[in-house]
Participant: 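I have a structure here, written as structure tokens, and I will follow up with some questions on it.
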Amino acid sequence: RRRELHARAGDAIAAPLGDHPEVEAELLSLHYFHAQRYDDAWKFARIAADRAVAKYANVEAAELLERAINSARRGADVFAADLASLWEQLGDVSERSGIYDRALQAYRNARRLTASDHVTVATILLKEAWIAERTGRYSEAVRAVRRGFKVLGDENSPEIRRARNRLQAWYGTVRQAQGRSREAVIECLTAIAAESNDPESEAQARFTLDWAYVSLGHPDLPVNS
């Protein structure tokens, strides 16, 4: 009876909205989930989650992403790549909320579903390294970056080069955070010299390079930031 009532409630909300039921996506995802109409719950939970992410409502976004993921687990017909994307999104909003354990688990689940996509796996490992560095677990951050390098291998496509350079820049930052400034300088200069066409990783490397120079007692060298 409860399932039936939720289904009727969802349909009653959707009916007046005609071709735009997504206006009430949050509410529809809730009713259809409890009605066990998991394909509908997946659809509307994803729409609602995207809206929550866009306005930085991270707690709400996490709840909606978990609803979509649970809909997939219970029978919604979804592609593995779409499910992996939701796990990664859940990791992102959890990280922004400071819920690092949940973020790491979400990232690991995403990696398992995208094992054949080397760039995506390396990108997720980089996010895991960010969390490890922020929480002072530098050895874990180093291991995550090295795993990323291993996944990328020797491939040399533009996407691979960008992913590798992001790992390189962050590796330098982790080494500097560990107080290993000489190593940090080498890693940052390597990242800056790479032709990856990625301003973000170059900026990270230049910022960390100046930090390392100051730590080494060279106040005349920090001109990169």
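Just the heavy atoms: all of them, side chains too, but no hydrogens, waters or symmetry mates, feed the values below. Just so you know, these numbers come straight off a predicted model, no measurement behind them.
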Participant: So, taking the atom named CG in Leu104 and the one named CD1 in Ile99, what distance separates them when rounded to the nearest 0.5 Å?
Facilitator: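 Going from CG on Leu104 over to CD1 on Ile99, the span is 12.0 Å.
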
Participant: Taking all non-hydrogen atoms of both residues, which atom of Ala7 and which atom of Ala35 are closest, and how far apart?
Facilitator: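 Result for this residue pair: N-CB, 3.5 Å.
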
Participant: Return the CD1 to CD distance between Ile47 and Glu24, rounded to the nearest 0.5 Å.
Facilitator: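 Reported value, rounded in 0.5 Å steps: 12.0 Å.
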
Participant: Pair Ile124, Thr120 - check side chain to side chain contact (heavy atoms under 4.5 Å, CB included), show working.
Facilitator: CA-CA 6 Å; Ile124 295 171; Thr120 298; 3.9 Å; yes

Participant: When you look at His20 and Glu22, which way does the side-chain hydrogen bond (donor to acceptor under 3.5 Å, both in side chains) test go after all the steps?
Facilitator: CA-CA 5 Å; His20 301 285; Glu22 68 277 1; 3.3 Å; yes

Participant: May I have the list of side-chain donor-acceptor pairs in residues 82-91 shorter than 3.5 Å, sequence neighbours left out?
Facilitator:
residue: Glu88; atom: OE2; partner: Lys127; partner atom: NZ; Å: 2.7

Participant: More than 12 heavy atoms of other residues, nucleotides or ligands under 6.0 Å from CG of Asn197: yes or no?
Facilitator: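 No.
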
Participant: With a 4.5 Å limit on heavy-atom distance, are the side chains of Leu28 and Ile13 in contact?
Facilitator: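 Touching, per the 4.5 Å side-chain cut-off.
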
Participant: Let me confirm one number: the CZ-OG distance from Arg46 to Ser71, rounded to the nearest 0.5 Å.
Facilitator: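 It comes to 11.5 Å.
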
Participant: To the closest 0.5 Å, what do you measure between CG (Leu30) and CZ (Phe44)?
Facilitator: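 Interatomic distance, Leu30 CG to Phe44 CZ, rounded to 0.5 Å: 13.0 Å.
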
Participant: Under 4.5 Å between side-chain heavy atoms, hopping through other hydrophobics if needed: is there a path connecting Val214 to Leu209?
Facilitator: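 Not linked; separate clusters.
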
Participant: Taking a hydrophobic cluster as the set of Ile, Leu, Val, Met, Phe, Trp and Tyr residues connected by side-chain heavy atoms closer than 4.5 Å, whether directly or through intermediates, do Leu189 and Leu221 fall within one such cluster?
Facilitator: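 Leu189 clusters together with Leu221.
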
Participant: Calculate, to the nearest 0.5 Å, the distance between atoms OG and OH belonging to Ser181 and Tyr213 respectively.
Facilitator: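 The OH atom of Tyr213 is 11.5 Å from OG of Ser181, to the nearest 0.5 Å.
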
Participant: Is the shortest side-chain heavy-atom distance between Leu64 and Ser29 below 4.5 Å?
Facilitator: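 SC-SC contact between Leu64 and Ser29 confirmed.
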
Participant: For a 4.5 angstrom cut-off between non-hydrogen side-chain atoms, does Lys55 reach Arg51?
Facilitator: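 Contact flag for Lys55/Arg51 side chains = no.
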
Participant: So, Gln204 versus Thr173: side-chain donor-acceptor pair below 3.5 Å or not?
Facilitator: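 The answer is yes; a qualifying pair exists.
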
Participant: On the 0 to 90° scale, with breaks at 30° and 60°, tag the His6-His31 ring pair as parallel, tilted or perpendicular.
Facilitator: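 If you compare the ring of His6 with that of His31, the planes turn out tilted.
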
Participant: Decide whether Tyr171 and Arg146 meet the rule of one side-chain donor and one side-chain acceptor closer than 3.5 Å.
Facilitator: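 Side-chain D/A pair, Tyr171 to Arg146: present.
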
Participant: Are the side chains of Arg134 and Tyr100 in contact, using a 4.5 Å heavy-atom criterion?
Facilitator: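 Yes, side chains in contact.
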
Participant: Any side-chain donor paired with an acceptor under 3.5 Å for Tyr107 and Asp92?
Facilitator: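 Checked: Tyr107/Asp92 side chains pair up, N/O donor to acceptor below 3.5 Å.
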
Participant: If you count heavy atoms of other groups shown closer than 6.0 angstrom to CZ of Arg8, is the number above 12?
Facilitator: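 Open.
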
Participant: Under a 3.5 Å threshold, yes or no: a donor from one side chain and an acceptor from the other, between Gln176 and Ser215?
Facilitator: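 Judged by distance alone, the side chains do pair up.
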
Participant: Measure across Ala12 and Pro16 and return the closest heavy-atom pair with its distance rounded to 0.1 Å.
Facilitator: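 Where Ala12 meets Pro16 most closely, the heavy atoms are O-CD, 3.0 Å.
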
Participant: Can you hop from Leu5 to Phe33 via hydrophobic side chains spaced under 4.5 Å?
Facilitator: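 As far as the 4.5 Å side-chain criterion goes, Phe33 and Leu5 are not connected within one cluster.
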
Participant: Looking at every non-hydrogen atom in both residues, tell me the closest pair between Ala141 and Ala132 and how far apart they are.
Facilitator: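 Distance-wise, the nearest heavy atoms are N-CB, 3.5 Å.
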
Participant: Quick one: closest heavy-atom pair of Val23 and Glu26, and the distance?
Facilitator: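 Closest heavy-atom pair between Val23 and Glu26: O-OE1, 4.3 Å.
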
Participant: For the residue pair Thr208 and Gly172, what are the closest heavy atoms and their distance?
Facilitator: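 Here Thr208 and Gly172 meet closest at CG2-O, 3.8 Å.
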
Participant: When you group the ILVMFWY residues by side-chain heavy-atom contacts below 4.5 Å and let the links chain together, are Leu126 and Tyr138 in the same group?
Facilitator: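 Tyr138 and Leu126: one cluster.
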
Participant: Let me have the donor-acceptor pairs involving side chains of residues 148-157, under 3.5 Å, with sequence neighbours excluded, atom names and distances please.
Facilitator:
residue: Glu155; atom: OE2; partner: His118; partner atom: ND1; Å: 3.1
residue: Ser157; atom: OG; partner: Ile160; partner atom: N; Å: 3.2

Participant: Counting N and O atoms only, with roles assigned by atom type, does the side chain of Asn165 sit under 3.5 Å from a partner on the main chain of Arg161, one being a donor and the other an acceptor?
Facilitator: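 Absent.
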
Participant: For the CD atom of Gln36 and the CZ atom of Arg74, what is their distance to the nearest 0.5 Å?
Facilitator: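 Going from the CD atom of Gln36 to the CZ atom of Arg74 covers 8.0 Å.
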
Participant: Measuring only between side-chain heavy atoms, which start at C-beta, is Val142 closer than 4.5 Å to Gln178?
Facilitator: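 In short, these two side chains touch, coming nearer than 4.5 Å.
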
Participant: Could you go step by step and tell me if Val145 and Glu133 meet the side chain to side chain contact (heavy atoms under 4.5 Å, CB included) rule?
Facilitator: CA-CA 11 Å; Val145 171; Glu133 192 274 338; over 6 Å; no

Participant: Any heavy-atom pair between the side chains of Lys43 and Asp39 that's under 4.5 Å?
Facilitator: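 Side-chain contact under 4.5 Å: no.
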
Participant: With side chains defined as the heavy atoms from C-beta onward, is the minimum distance between His218 and Val185 less than 4.5 Å?
Facilitator: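 No, every pair of side-chain atoms sits at 4.5 Å or beyond.
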
Participant: With a 4.0 Å cut-off, would you call Glu128 and Arg147 a salt bridge?
Facilitator: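 No, no charged N to carboxylate O under 4.0 Å.
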
Participant: Can a side-chain donor-acceptor contact be found between Asp101 and Gln105 if the only test is distance below 3.5 angstrom?
Facilitator: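 Result is no, nothing qualifies.
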
Participant: Suppose we screen for side-chain contact (heavy atoms from CB on, under 4.5 Å). Which residues come up paired with Ala115, at least two apart in sequence or across chains?
Facilitator: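 Once residues adjacent in sequence are excluded, Ala115 has no partner under the side-chain contact (heavy atoms from CB on, under 4.5 Å) criterion.
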
Participant: Using atom types as modelled and distance alone, determine if a side-chain donor or acceptor of Asp210 lies under 3.5 Å from a backbone N or O of Ser225.
Facilitator: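 Side chain of Asp210 to backbone of Ser225, a donor-acceptor pair under 3.5 Å: yes, one is there.
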
Participant: Can you see which heavy atom on Trp42 is nearest to which on Ala68, and at what distance?
Facilitator: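 Between these two residues, the closest heavy atoms are CE3-O, 3.2 Å.
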
Participant: Tell me, do Leu125 and Val121 make a side-chain contact under 4.5 Å, heavy atoms counted?
Facilitator: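 They are in side-chain contact.
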
